[in-house]
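Not measured: the values here are computed from a predicted model.
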Amino acid sequence: MTAHENQDAGPDLTRGVALADFRARTMLRGHVGEQPVLLARVGDEVLAVGATCTHYGGPLEQGAIEGETVRCPLHHACFSLRTGEALGAPAFDPIACWKVEREGERFFVREQAEAVPQPARISGSGQPGRIVIVGGGAAGFAAAEMLRRRGWQGQLTMFSSEADAPCDRPNLSKDYLAGSAPEEWIPLRADDFYAENRIDLRLATTVSRIDPDARTVVTADGASHPWDRLLVATGAEPLRLPIPGADQQHVFTLRSLADSRAIIARAGAAKSAVVLGSGFIGLEVAAALNARGLEVHVVSLDARPLERVLGAQLGDFIRAVHEAHGEIFHMGTSIASIDATSVTLTDGAQIPADLVVIGVGVKPRLALAEAAGLAIDRGILVNEHLETSRPGIFAAGDVARWPGGAAGETARVEHWVVAERQGQVAAENMLGARLAYRDVPFFWSAHHDVTIRYVGHALAWDEIAIDGDIAAHDCAVSYRMKGRTLALATIGRDALALEEARRLAAQG
């Protein structure tokens, strides 16, 4: 390390670096003053951009270059290395671009480049004058943001049944619920974003009917709202079980910011909690309540947690992680009844419970689409452009079933990043872009000090191959069918997850 380098910040780029400083790498992190800067080799060029992901601050130099883009290792956000644009969610804010000057064999970075205007990608006649989005979740927000980013100036209305503006839903069961993330982190955009971008966001508003022939939506107050293009992004709702006592005030499901706030309020005076469900939401809620000091019991009919998604080995490991933090598991049973201070299980056991969370999954909200006559098959059927069976009506997010499964099958995936990226593609296509949605599904899940990253989509498999040591938090678990890898789960191997996502995308 030379005198002008800082071990954490990397070299001072105002003093220049040579290609030899990259060694065998395609990226090099350095700094200009206090600003972290990423140098990236793209062909014969060296490009410079901000080194930190604008989503949750991931170190981009640990990510991967794909063409003229860089992907974050944490949550796979994608940025242009030429313009800094956030091309793929979950990031929406761009990274800075910096000027690179070559002097002899050295490359110098001294000042930021001016922001490059984003391409409008809309031209010609036939542009929609009015677009309506039904749904205020990931897909709906991402679509609205992209429509304005692309320069579309028409009337944009967004209906959300929730009382709060679009928020970072994954955090509601993770750090926010645990008390380690402040509420100002949760909105995807501040309130003034919607006014400044002329997005007519109607909160706490229910759409009661879609009329494809009249091209209107009707809200619960009887008002009719015309559209030229419509996006159905109604998302999913928690499953509710007919358990005696489940209607009491200390029993919750978790989907909205209001739900998370209510659980937090109850947890403040609670000593014990029971979580029904050992899927991702159930376990993340259990970890969060544990972090708040509650005694937490997890109840599930399954033999082991997450087995249907991650298999037996990872399921057993995740259970051990939670048990090491004091959570108590009751597998192979369910809740028979709930009273004011306890739950009774179907095996007869009784557990103290000041707080109960039902987290047994969700179901897509399809009633509007079905009543409107859209083609339905365990979701709203869309083509590769995310357009439904009725021209001009698109669907994205948890409700959409698209031709993206293995062996030509359709797929419907309830992942946050999938919903956001589908919203972005749907927005482009509502403006006439005709882009095919081709993203490889990705999600992450946090369990105390363990984070799992998962790429691909495997509903079933005939082989699980494990590379590395699960117990050491260093592994890659492949899910295969007839020799073909459908999905990969990693712990401690973020770069490998990115590499596998690229391979699966190329495989098609």
Do [X] and [Y] sit within salt-bridge range, that is, some charged N less than 4.0 Å from a carboxylate O?
X: R390; Y: D213; value: yes
X: R229; Y: E387; value: no
X: D228; Y: R215; value: no
X: R255; Y: D398; value: yes
X: D93; Y: R189; value: yes
X: E500; Y: R502; value: no
X: E428; Y: R149; value: no
X: E499; Y: R453; value: no
X: D259; Y: R261; value: no

Donor-acceptor under 3.5 Å ([X] side chain, [Y] main chain):
X: D302; Y: P305; answer: no
X: T388; Y: I393; answer: yes
X: R421; Y: A89; answer: yes

Should L386 and Q422 be marked as a side chain to side chain contact (heavy atoms under 4.5 Å, CB included) after you check the CA-CA gap, both sets of side-chain angles, and the distance that decides it? CA-CA 8 Å; L386 302 179; Q422 285 187 349; 3.8 Å; yes
Between H75 and F442 (judged by ring centroids, cut-off 6.0 Å), do the two rings come close enough to count as a pair? no
Y437 ring center within less than 6.0 Å of W402 ring center: yes
State which residue, out of I199, N197, V132, fulfils the side chain to side chain contact (heavy atoms under 4.5 Å, CB included) condition with L156. I199
Closest heavy-atom pair, E327 versus A287, reported as atoms and distance to 0.1 Å, is OE2-CA, 3.7 Å
For H76 and V455, the nearest pair of non-hydrogen atoms, with its separation, is CE1-CG1, 3.6 Å
So for atom CZ, which belongs to R308, do other residues, nucleotides or ligands contribute more than 12 heavy atoms lying within a distance under 6.0 Å? no
For Q249, look at atom CD and say whether over 12 heavy atoms of other residues, nucleotides or ligands are found less than 6.0 Å away. no
Have E68 and S80 got a donor and an acceptor in their side chains that come within less than 3.5 Å? no
Looking just at side-chain N and O atoms, do R148 and Q153 make a donor-acceptor pair shorter than 3.5 Å? no
To the nearest 0.5 Å, what is the distance between [atom1] on [X] and [atom2] on [Y]?
X: I452; Y: T490; atom1: CD1; atom2: OG1; result: 9.0 Å
X: W152; Y: L147; atom1: CH2; atom2: CG; result: 6.0 Å
X: T341; Y: I351; atom1: OG1; atom2: CD1; result: 12.5 Å
X: L498; Y: C72; atom1: CG; atom2: SG; result: 8.0 Å
X: L381; Y: R412; atom1: CG; atom2: CZ; result: 11.5 Å
X: H385; Y: F394; atom1: NE2; atom2: CZ; result: 9.0 Å

[X] vs [Y] aromatic rings, parallel, tilted or perpendicular, using cut-offs 30° and 60°?
X: F92; Y: F141; result: perpendicular
X: H447; Y: F280; result: tilted
X: W185; Y: Y56; result: tilted

Chi angles and distances behind the ring-ring contact (aromatic ring centres under 6.0 Å, His included) call for F159, H225: CA-CA 11 Å; F159 295 106; H225 305 268; 4.8 Å; yes
Run the side chain to side chain contact (heavy atoms under 4.5 Å, CB included) check on L257 and L172 step by step: do they pass? CA-CA 7 Å; L257 177 54; L172 300 183; 3.7 Å; yes
Is there a side chain to side chain contact (heavy atoms under 4.5 Å, CB included) between D168 and W416? Walk through the geometry before answering. CA-CA 9 Å; D168 183 16; W416 180 252; 4.1 Å; yes
